[in-house]
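Numbered from 1 within each chain, the chains take letters A, B, ... in sequence-line order. The figures here come from the full heavy-atom set of this structure, side chains too, leaving out hydrogens, waters and symmetry mates.
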Number of protein chains: 2
Amino acid sequence: MGLLQTASNSPYGYQDPHLEVDFVRKYASLDSHRLVLTRKEYELLALLVENAGEIIPRHMLLMRVWGYSQEIRTRTLDVHVRRLRKKLGSYSDQYIETIFGIGYRFQPFRMTQRFSGVFQPIAMGA
Amino acid sequence: MGLLQTASNSPYGYQDPHLEVDFVRKYASLDSHRLVLTRKEYELLALLVENAGEIIPRHMLLMRVWGYSQEIRTRTLDVHVRRLRKKLGSYSDQYIETIFGIGYRFQPFRMTQRFSGVFQPIAMGA
DNA sequence: GTGGAGTTGTAAATGTTTTGTAAAAACCGG
DNA sequence: CCGGTTTTTACAAAACATTTACAACTCCAC
């Protein structure tokens with residue numbers, strides 16, 4: 001389909017030319033060097049990566065990683081995202097996107113800046 | 001009826017050769033590029049697109065998107081419409097029509113640019 | 001047609017909310 | 001305790017929303 005697929009994702013792990021996350025052994029590597037992540041940092045990354053390409057709302061992240069309920073307001077998430085980004089170095093912006101007013105999204109690595117141009121209907125009900 | 005129907009609309013999304021709006025995932029794309037819309041911008045667009053072809057009065061838009069009641073007068077709507085149009089680029093005029101004294105209308109894309117032009121005034125108050 | 005009241009378009013200023021960041025405090029297992 | 005981790009705090013910065021002020025436009029009465 002003319003799109004260079006450079007990232008693979010599965011229940012067992014995620015992999016692209018720079019980043020690798022092993023959901024089974026619970027660690028991540030950047031350019032073949034193991035990342036030293038704390039538990040929360042890893043869980044946050046894993047949750048984002050498992051849902052690569054999808055926006056995960058703050059409350060969902062706080063729920064899944066911290067066990068917090070909807071109404072809790074805290075900057076904890078942001079602080080952890082910051083530390084994660086720091087460890088992801090120069091790729092951080094490419095990988096972890098901020099969705100204003102909603103949450104965050106992990107964007108899988110792409111070689112080519114996708115420009116499909118083709119008009120292809122999305123599934124529209126029955 | 002000799003009119004090339006090129007746009008499809010459903011509870012799940014709207015699509016034509018240029019514009020696509022996914023009501024489920026809440027985003028829109030223009031020529032296959034995702035539009036970066038703020039929440040209000042998206043909600044405004046979605047409401048218009050969901051009722052494509054129909055005139056939506058100002059007070060209805062202000063009610064549905066902003067929660068404002070009838071009597072509130074504000075330019076907020078106009079400013080948002082402007083920003084939406086800007087992001088819709090060269091198609092903006094084609095898509096978002098101003099109905100003087102009443103509101104706005106999203107006009108679904110049509111291959112044959114049949115000049116509608118005519119506006120049948122609806123009953124204007126008693 | 002013309003004028004004028006009312007409506008919409010627009011840019012810029014202002015206000016509000018959300019996120020980023022550094023630093024300090026609290027926590028927690030060993 | 002001690003060192004690493006996590007959370008909180010406090011403020012800065014960014015994103016977004018609204019208001020303001022005025023220009024441009026539309027429509028209708030004349």
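- Nearest to the side-chain atoms of W66(B) among the listed nucleotides dT18(D), dA21(D), dT19(C) stands dT18(D).
- Atom P of nucleotide dA17(D) and atom CD1 of I72(B) are separated by 17 Å, given to the nearest angstrom.
- Residue T38(A) is in sugar-phosphate contact alone, with no base atom involved, counting any heavy-atom pair closer than 4.0 Å across all strands shown.
- Among the protein residues, L37(B) comes within range of no part of the nucleic acid, since none of its heavy atoms lies under 4.0 Å from any strand.
- Residues F23(B) and P11(B) form no side-chain contact, since every pair of their non-hydrogen atoms from C-beta on lies 4.5 Å or further apart.
- Here T98(B) lies in heavy-atom contact (under 4.0 Å) with sugar-phosphate atoms only.
- Going from atom CZ of R85(A) over to atom P of dT19(C) covers 11 Å, rounded to whole Å.
- dA17(D) atom P lies 14 Å from atom CG of L77(B), rounded to whole Å.
- Grouped with Y12(A) in one hydrophobic cluster are V24(A), the linkage being side-chain heavy-atom contacts under 4.5 Å among Ile, Leu, Val, Met, Phe, Trp and Tyr residues.
- Taking side-chain N and O atoms only, Y104(A) has a distance below 4.0 Å to OP1 or OP2 of dG20(C).
- In this structure, of dT26(D), dA21(D), dC16(D), it is dT26(D) that holds the atom nearest to the side chain of F100(B).
- In this structure, W66(B) has its ring center no closer than 6.0 Å to that of H59(B).
- Rounded to a whole Å, the CG atom of L44(A) is 16 Å from the P atom of dT5(D).
- Checked against side-chain hydrogen bond (donor to acceptor under 3.5 Å, both in side chains), S69(B) has the following partners two or more places apart in sequence or in another chain: E71(B).
- Between Y14(B) and F106(B), the ring-plane angle classifies as perpendicular under the 30° and 60° cut-offs.
- An OP1 or OP2 oxygen of dA17(D) is reached within less than 4.0 angstrom by no side-chain nitrogen or oxygen of Y42(B).
- Under 4.0 angstrom from either OP1 or OP2 of dG9(C) there lies no side-chain N or O belonging to K86(B).
- For H80(B), taking side-chain heavy atoms from C-beta onward, the closest of the listed nucleotides dT8(D), dT18(D), dT19(C) is dT18(D).
- If you measure from atom NZ of K87(B) to atom C1' of dA17(D), you get 12 Å, rounded to the nearest angstrom.
- In this structure, R75(B) places its CZ atom 14 Å from P of dA23(D), rounding to the nearest Å.
- Seen from the ring of Y27(B), R34(B) counts as a face-on cation partner, given the 6.0 Å and 45° thresholds.
- Side-chain contact check for R85(B) and T98(B): at least one donor-acceptor pair (N or O, by modelled atom type) lies under 3.5 Å.
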Protein heavy-atom contacts under 4.0 Å, written 5' to 3' over nucleotides 23-30 of chain C as B (base), S (sugar-phosphate only) or - (none), form the string --------
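- Taking atom CZ on R73(A) and atom P on dA10(D), their separation rounds to 18 Å, with Å as the unit.
- The interatomic distance linking D78(A) (CG) with dA12(D) (P) rounds to 17 Å, in whole Å.
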